[in-house]
Amino acid sequence: MLDRDLIRKQTDLVRKGILRKGIDAAIVDAFLSADAEWRKTVLELEAKQAAANQISKSIGQLMAQGKKDEAEIAKAETKELKEAIAQLEAEARKAEEQLRAIELDMPNLPHDSVPDGANETENVTRRTWGDIPTFTFAPKPHWELAENLGIVDFPRGAKISGSGFPVYVGLGARLQRALISFLINFQTENNGYQEIYPPYLVNRASLIGTGQLPKFEEDLYKSTDDLYLIPTAEVPITNLYRDEILDVKELPINLAGYSACFRREAGAAGKDTRGLQRLHQFDKIEMVKFTTPETSYQELENMTQNAEDVLKALGLPYRVIEICTGDIGPKGSKQYDLETWSPVMEKWLEVSSCSNFEAYQSRRANIRYRPEPGAKPEFVHILNGSALGMPRVYATILESYQQEDGSVRVPEVLIPYMGTELISKTQDPS
RNA sequence: GGAGAGGUCGCAUAGUGGUCUAGUGCGCCGCACUCGAAAUGCGGUGUGGGGCAACUCACCGAGGGUUCGAAUCCCUCCCUCUCCGCCA
């Protein structure tokens, strides 16, 4: 959501930003006309309300003075006003709903520093780290390794739930748990994040707050109780402070949480879905920052670095991609993606996405801070990033650390969590 | 799930149909006193919207309703607490 005043007064700037994202700027004109209509109606309505309030007040005074007859005359006067108010109220509500719908549909503007581009082919690689692994034998894809080792069961997952719901077994399950523990511990112990373990079902208001609704309803699993399964921990963690005014002394607030994530992936079927690449349920560690506007871009760099740190610790080569205006999506102002290399599929896999939303989410979720005691509340800037999305990290670990006999070495930092240096069939303790 | 009690301006409380333009205390801000601080005194202090402005509208958990007029009465829902039931 954008500042209404900004759209009214700096219309060209807004239009230009939306066009940079490759989105039709006609929505700006739709906003302006809906906004004008709404304001016109409100003005009329409030004039009538003021008049009615005036009369009601005088009735109270007349009654107190015992002038019953005059009070009755005044009562009659309000009849017409009341009808007009009722009608204007209905009009105002309708106008407001229309305005609100447009407003919620409007994209965020890209930051000036974001490279222009039409789509993902014009994203810019900012840096790369690590050496791409080489093999003296023919390496296997992660789904073959996992199947041979008996650590991920795709067919039985499909039987009990459907495709995209793998079952992790034995050391495979432990590896998943090890990754979760390692990743969340790393961020809380080294990078100053407070750990959050959030609810997995959230209400509609929360999803509107972070921007999944109303536009992307078809991406979500909905329960029978008007609650939705979270597509990311971003939703519950960001909404922790919905409708609150934060103390500036607490900022920046850095939170990180593990959750399972649930996505219908409607329309994504068949695209890069082999193995663990795209699932309906997966695990992720999410970082969320609440900052002042002055520091949010520095914090985006910090957060991206925090995600890079764990890839380094896991010994996985990666690259940092700056997303161009055409690929950034509606919510973000600026975004970096982190990708690790799959040495078998020979392609980069996105394992993290770090974004600054500026005040786009805080306006929707009404999350503010007071710059100083007694000052007017301002919207915070909100950032989030993954550290990391588990399944693709899991896949690249299997592929990168595989050995000729089909076993997989455990990355050093995970050994304490795994209790073993090697994943092989004979090693399974179960 | 059942019964009962509650949800009021950052916090705590008062307020059961018309000076409620929501009172009071704490907190916070400003001023005075002070070498400085504490204490004390005085003043100020909710949020959002519309309007160039004067000003005005809305908000007492949410949404409806009754009324000229609702924090206050009625209905529905949400949440919290106590007890009971069920349960990992």
Side-chain angles (χ1 to χ4, degrees), chain A residues 1-9 31-104 197-209 213 223-228 236 239-251 253 260 290 359 362-380:
Chain A
M1 217 156 94
L2 300 173
D3 181 6
R4 287 184 181 179
D5 235 35
L6 183 80
I7 310 173
R8 287 169 192 149
K9 289 178 179 154
F31 173 88
L32 288 175
S33 84
D35 180 53
E37 174 67 24
W38 171 69
R39 285 194 290 172
K40 191 184 116 216
T41 314
V42 163
L43 206 61
E44 261 185 85
L45 170 65
E46 289 187 358
K48 302 274 188 201
Q49 281 173 327
N53 287 345
Q54 192 74 36
I55 294 174
S56 287
K57 211 171 175 180
S58 72
I59 291 174
Q61 285 164 357
L62 290 170
M63 297 290 266
Q65 293 163 18
K67 298 177 180 171
K68 272 202 161 170
D69 296 345
E70 286 179 50
E72 286 305 318
I73 292 166
K75 275 192 198 182
E77 276 179 49
T78 62
K79 192 172 179 247
E80 209 171 301
L81 267 178
K82 250 189 109 181
E83 283 168 11
I85 287 171
Q87 196 186 332
L88 281 167
E89 267 175 350
E91 281 175 34
R93 188 178 309 173
K94 206 176 136 196
E96 196 169 358
E97 277 169 15
Q98 212 153 22
L99 183 63
R100 178 84 179 155
I102 292 167
E103 194 170 48
L104 288 176
Y197 185 86
Y200 287 6
L201 285 162
V202 295
N203 56 31
R204 205 178 154 77
S206 295
L207 287 153
I208 288 173
L213 290 179
S223 79
T224 51
D225 290 344
D226 278 328
L227 294 171
Y228 296 77
N239 278 281
L240 282 173
Y241 297 117
R242 175 151 50 82
D243 294 320
E244 292 190 28
I245 299 173
L246 305 171
D247 187 339
V248 69
K249 291 197 288 269
E250 297 168 0
L251 301 179
I253 295 174
F290 302 83
S362 55
R363 247 185 222 102
R364 297 171 80 106
N366 193 29
I367 303 173
R368 295 169 295 172
Y369 75 104
R370 223 179 272 284
E372 48 193 278
K376 222 172 113 83
E378 305 279 351
F379 291 107
V380 295

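In the text below, chain A, chain B and the rest are named by the order of the sequence lines, each starting its count at 1. FYI, side chains are in, hydrogens and waters are out, and symmetry mates aren't considered; it's all heavy atoms of this structure.
- Among all heavy-atom pairs drawn from A:N239 and A:A365, the shortest one is OD1-CB, 4.2 Å.
- For the pair A:K48 NZ and B:C55 P, the computed distance is 23 Å after rounding to whole Å.
- Rounded to an integer number of Å, the gap from CD of A:E72 to P of B:C68 is 9 Å.
- To the nearest whole angstrom, the two P atoms, one in B:G6 and one in B:G61, are 14 Å apart.
- Taking the P atom of each, B:C86 and B:U67 are spaced 47 Å apart, rounded to whole Å.
- Every residue meeting the side-chain hydrogen bond (donor to acceptor under 3.5 Å, both in side chains) condition with A:D243, not counting sequence neighbours, appears here in chain and number order: A:N366.
- Comparing the P positions of B:C68 and B:A62 gives an interatomic distance of 25 Å, to the nearest angstrom.
- Checking A:I55 against A:I245, the closest nucleotide of RNA chain B that is more toward the 5' end is the one next to A:I245.
- B:U66 and B:C75 have their C1' atoms separated by 11 Å, given to the nearest Å.
- For B:G27, the paired base is B:U45 (Watson-Crick or G-U wobble, both distances below 3.5 Å).
- For the pair A:N203 CG and B:A62 C1', the computed distance is 13 Å after rounding to whole Å.
- B:C9 and B:G63 have their P atoms separated by 16 Å, given to the nearest Å.
- One N or O on the side chain of A:S362 and one on the backbone of A:V380 form a donor-acceptor pair closer than 3.5 Å.
- The nearest whole Å value for the distance from the CZ atom in A:R242 to the P atom in B:G61 is 18 Å.
- For A:R363, the salt bridge (Lys or Arg N to Asp or Glu O under 4.0 Å) criterion is met by no residue, not counting sequence neighbours.
- B:U13 and B:G85 have their C1' atoms separated by 35 Å, given to the nearest Å.
- Across all strands shown, B:G69 forms no Watson-Crick or G-U wobble pair with both key distances under 3.5 Å.
- Distance noted for atom P between B:A12 and B:G7: 12 Å (whole Å).
- One interatomic measurement links the two molecules: CD of A:Q49 to C1' of B:C59, which rounds to 12 Å at whole-angstrom precision.
- Remark: the separation of the C1' atoms in B:C33 and B:C81 is 47 Å, to the nearest Å.
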Along nucleotides 48-53 of chain B, 5' to 3', which nucleotides get a B, which get an S, and which get a -, given that the test is a protein heavy-atom distance under 4.0 Å? SBSS--
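- Taking the charged nitrogens against the carboxylate oxygens, A:D35 and A:R8 do have a contact shorter than 4.0 Å, which makes a salt bridge.
- Nucleotide B:C86 is matched to nothing when pairs are restricted to Watson-Crick or G-U wobble geometry with both distances under 3.5 angstrom.
- Taking atom CD1 of residue A:I85 and atom P of nucleotide B:U67, one finds them 15 Å apart after rounding to whole Å.
- Looking at which nucleotide of RNA chain B each of A:L45 and A:I59 is closest to, the 5′-most match is held by A:L45.
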For nucleotides 69-78 of chain B, tabulate all protein N/O to nucleotide N/O atom pairs closer than 3.5 Å, reporting atom names and distance.
from	atom 1	to	atom 2	distance (Å)
B:G69	O4'	A:S56	OG	3.4

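- Partners of A:T41 according to the side chain to side chain contact (heavy atoms under 4.5 Å, CB included) rule, which considers only residues two or more places apart in sequence or in another chain, are A:E37, A:L88, A:E91, A:A92.
- The base-pairing partner of B:G6, taking Watson-Crick or G-U wobble contacts with both distances under 3.5 Å, is B:C79.
- A:S56 and A:N53 share no side-chain donor-acceptor pair at under 3.5 Å.
- Whole-Å rounding puts the A:L88 CG to B:A58 C1' distance at 15 Å.
- More than 12 heavy atoms of other residues, nucleotides or ligands lie within 6.0 Å of CD in A:E83, so this atom counts as buried by the packing criterion.
- The side chain to side chain contact (heavy atoms under 4.5 Å, CB included) check on A:E97 picks up A:R93, with sequence neighbours excluded.
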